[in-house]
Undergrad: 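Encoded as C-alpha cells, here's the structure I'll be asking about.
In this text, all values refer to a predicted model and were calculated from it rather than measured experimentally.
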Amino acid sequence: MIDQSQVLITLPDGVFMEGHFKTKHSLKIESSINGTLLSKQKVILESNSVFNGDLICSELVLSGKFSGNIFCTGKVQVKQGCQISGRVYTYRFENDEMTNLDCIISVPDTNTINKIKEIIEAIDVDQKLSSDPNLPSLIKIYEDNLAAKEKVKLTELIKEPNKPIPVAVNGTSAPSSNGIPTAASK
C-alpha cells in the first residue's frame, strides 16, 4: 500500500483549473487555479503559479501569487518573490525577505488547530467539496478564533483605518477613548 503522504501530484505550467478540489495527496502547483482547494497534505505553489480562492492544507510552501484565504494547520513558508493578498490562518508563519505581503495573518491556538486537524482527517475525499458540510465548519472555526482573540471586528478596523490595532500589555488590554484596547491607553 502506498503511503499517501509520499504521493506528490504536479499540476504543470500551462494548466488552468477552476472549481472545488480536494485530495489526500500533496500537490505541487506550477499553474493557475481559481476556486477552492483542500489537501490533507502539503501544497507547494511554485513561482509561476497563480492561485485565486481558498486553500486549506496541512503545510504550504508559497513562491507564486496568491489572492484569497489560506487555512493551514501547520506551517506556511513564504519564499522570496511571493505575493499574498488576503487572509492567512496558520499555526506557524515564516517568510523570506523580498516578499510582497498584503494580508492579515492570524495564528489560532493549539486547541483550535487540533480540532481542525480532526475535521480534516475525517473528510471523505470521494465526496464533492462544494457540498461537503466540513468546509464551512472549518472556515467558521478559523474565523471565530480570529474574532475571539482580537475582540474587535476586522470590518471596524477597515472602516476606520486610523484606529490603533489592539495590543496586549503585560497580558491585559486597556480600553482607549474609542473603546478599542491599545498599549498607549494603559
Side-chain angles (χ1 to χ4, degrees), residues 2-108 112-113 116-117 119-121 123 125-132 134-143 145-146 154 157-158 161 165:
I2 298 172
D3 180 2
Q4 299 303 322
S5 65
Q6 301 300 317
V7 175
L8 177 65
I9 298 170
T10 300
L11 300 176
D13 192 16
V15 173
F16 178 83
M17 297 180 68
E18 188 170 63
H20 302 285
F21 309 95
K22 67 179 166 180
T23 181
K24 56 188 168 189
H25 304 293
S26 293
L27 289 170
K28 180 178 175 185
I29 301 170
E30 301 169 348
S31 53
S32 296
I33 294 181
N34 286 346
T36 303
L37 170 65
L38 183 145
S39 170
K40 290 187 175 191
Q41 301 295 324
K42 182 178 188 174
V43 174
I44 302 166
L45 294 173
E46 294 291 347
S47 60
N48 54 337
S49 67
V50 177
F51 193 109
N52 295 297
D54 292 333
L55 175 58
I56 303 163
C57 60
S58 64
E59 188 176 345
L60 176 63
V61 178
L62 182 55
S63 301
K65 294 179 183 175
F66 185 94
S67 178
N69 298 302
I70 296 169
F71 304 96
C72 183
T73 57
K75 179 171 75 171
V76 171
Q77 187 176 10
V78 180
K79 298 294 191 174
Q80 186 172 346
C82 169
Q83 295 178 15
I84 300 177
S85 175
R87 292 185 180 171
V88 178
Y89 304 90
T90 184
Y91 193 57
R92 292 188 345 212
F93 187 88
E94 176 183 303
N95 70 298
D96 292 346
E97 293 182 22
M98 303 300 292
T99 57
N100 184 356
L101 304 179
D102 182 19
C103 59
I104 296 171
I105 301 166
S106 176
V107 179
T112 301
I113 290 295
I116 291 166
K117 283 180 179 179
I119 293 170
I120 289 174
E121 192 56 38
I123 286 178
V125 294
D126 295 325
Q127 181 181 357
K128 279 183 6 179
L129 182 59
S130 60
S131 63
D132 191 329
N134 290 306
L135 181 63
S137 63
L138 282 173
I139 293 171
K140 182 168 177 18
I141 291 170
Y142 275 110
E143 289 176 344
N145 182 263
L146 174 68
L154 291 175
L157 294 174
I158 293 168
I165 295 175

Undergrad: For a 4.5 angstrom cut-off between non-hydrogen side-chain atoms, does L37 reach L27?
TA: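 Yes. Closest side-chain heavy atoms under 4.5 Å.
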Undergrad: Sequence neighbours excluded, which residues qualify as side-chain contact (heavy atoms from CB on, under 4.5 Å) partners of K128?
TA: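 So K128 forms a side-chain contact (heavy atoms from CB on, under 4.5 Å) with S130, S131.
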Undergrad: Just distance, no hydrogens or angles: give the donor-acceptor pairs under 3.5 Å from side chains in residues 74-86, sequence neighbours left out.
TA:
| from | atom 1 | to | atom 2 | distance (Å) |
| --- | --- | --- | --- | --- |
| Q77 | NE2 | E94 | OE2 | 3.2 |

Undergrad: Rounded to the nearest 0.5 Å, how far does CZ of F21 lie from OG1 of T36?
TA: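 The CZ atom of F21 is 9.5 Å from OG1 of T36, to the nearest 0.5 Å.
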Undergrad: Excluding sequence neighbours, so at least two apart, what forms side-chain hydrogen bond (donor to acceptor under 3.5 Å, both in side chains) with N34?
TA: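 Here the qualifying residues are N52.
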Undergrad: Hey, does L101 have a side-chain heavy atom less than 4.5 Å from the side chain of V88?
TA: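 A side-chain contact under 4.5 Å is absent here.
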Undergrad: In the structure I gave you, are the side-chain heavy atoms of I33 and L45 within less than 4.5 Å of one another anywhere?
TA: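 Contact flag for I33/L45 side chains = no.
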Undergrad: Taking only residues two or more places apart in sequence or in another chain, which ones pass side-chain hydrogen bond (donor to acceptor under 3.5 Å, both in side chains) with T99?
TA: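 In terms of side-chain hydrogen bond (donor to acceptor under 3.5 Å, both in side chains), with neighbours along the sequence ignored, T99 is linked to N95.
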Undergrad: Does anything in residues 53-76 form a ring-ring contact (aromatic ring centres under 6.0 Å, His included)? List the pairs, not counting sequence neighbours.
TA: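 Qualifying pairs, neighbours excluded: F51-F66, F71-Y89, F71-Y142.
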Undergrad: Return the minimal non-hydrogen interatomic distance between I113 and C72, and the atom names on each side.
TA: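 Distance-wise, the nearest heavy atoms are CD1-O, 4.2 Å.
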Undergrad: For K65, does the NZ atom sit with more than 12 other heavy atoms under 6.0 Å from it, leaving out its own atoms?
TA: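 Not buried by this count: 12 neighbours or fewer within 6.0 Å.
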Undergrad: Kindly write out the residues that satisfy side-chain hydrogen bond (donor to acceptor under 3.5 Å, both in side chains) with D132, not counting sequence neighbours, or none if the list is empty.
TA: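 By the side-chain hydrogen bond (donor to acceptor under 3.5 Å, both in side chains) rule, D132 matches K22, N134.
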Undergrad: With rounding to the nearest 0.5 angstrom, report the CG to NE2 distance, L8 to H25.
TA: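 Spacing of CG (L8) from NE2 (H25) equals 10.5 Å.
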Undergrad: Return the CD1 to CD distance between I116 and E121, rounded to the nearest 0.5 Å.
TA: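 Answer rounded to 0.5 Å: 14.0 Å.
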Undergrad: Give, for atom OG of S32 and atom CG of L11, the distance between the pair rounded to the nearest 0.5 Å.
TA: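 Separation between the atoms: 10.5 Å.
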Undergrad: Using 0.5 Å steps for rounding, measure from the CD1 atom of I139 to the CG atom of D54.
TA: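 Between I139 CD1 and D54 CG, I get 5.0 Å after rounding to 0.5 Å.
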Undergrad: Considering only heavy atoms from C-beta outward, does the side chain of T90 approach that of L60 to under 4.5 Å?
TA: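 The answer is no, as the side chains (C-beta and beyond) never meet within the 4.5 Å cut-off.
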Undergrad: How long is the span from the CD1 atom in I123 to the NZ atom in K24, to the nearest 0.5 Å?
TA: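 It comes to 13.5 Å.
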Undergrad: Which atoms form the tightest heavy-atom contact between Y91 and T73, and what is the distance?
TA: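 Taking every non-hydrogen atom into account, CB-O, 3.4 Å.
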Undergrad: Okay, side chain of S39, backbone of Q41: is any donor-acceptor separation there less than 3.5 Å?
TA: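 Yes, the answer is positive, given that a donor and an acceptor are paired below the 3.5 Å cut-off.
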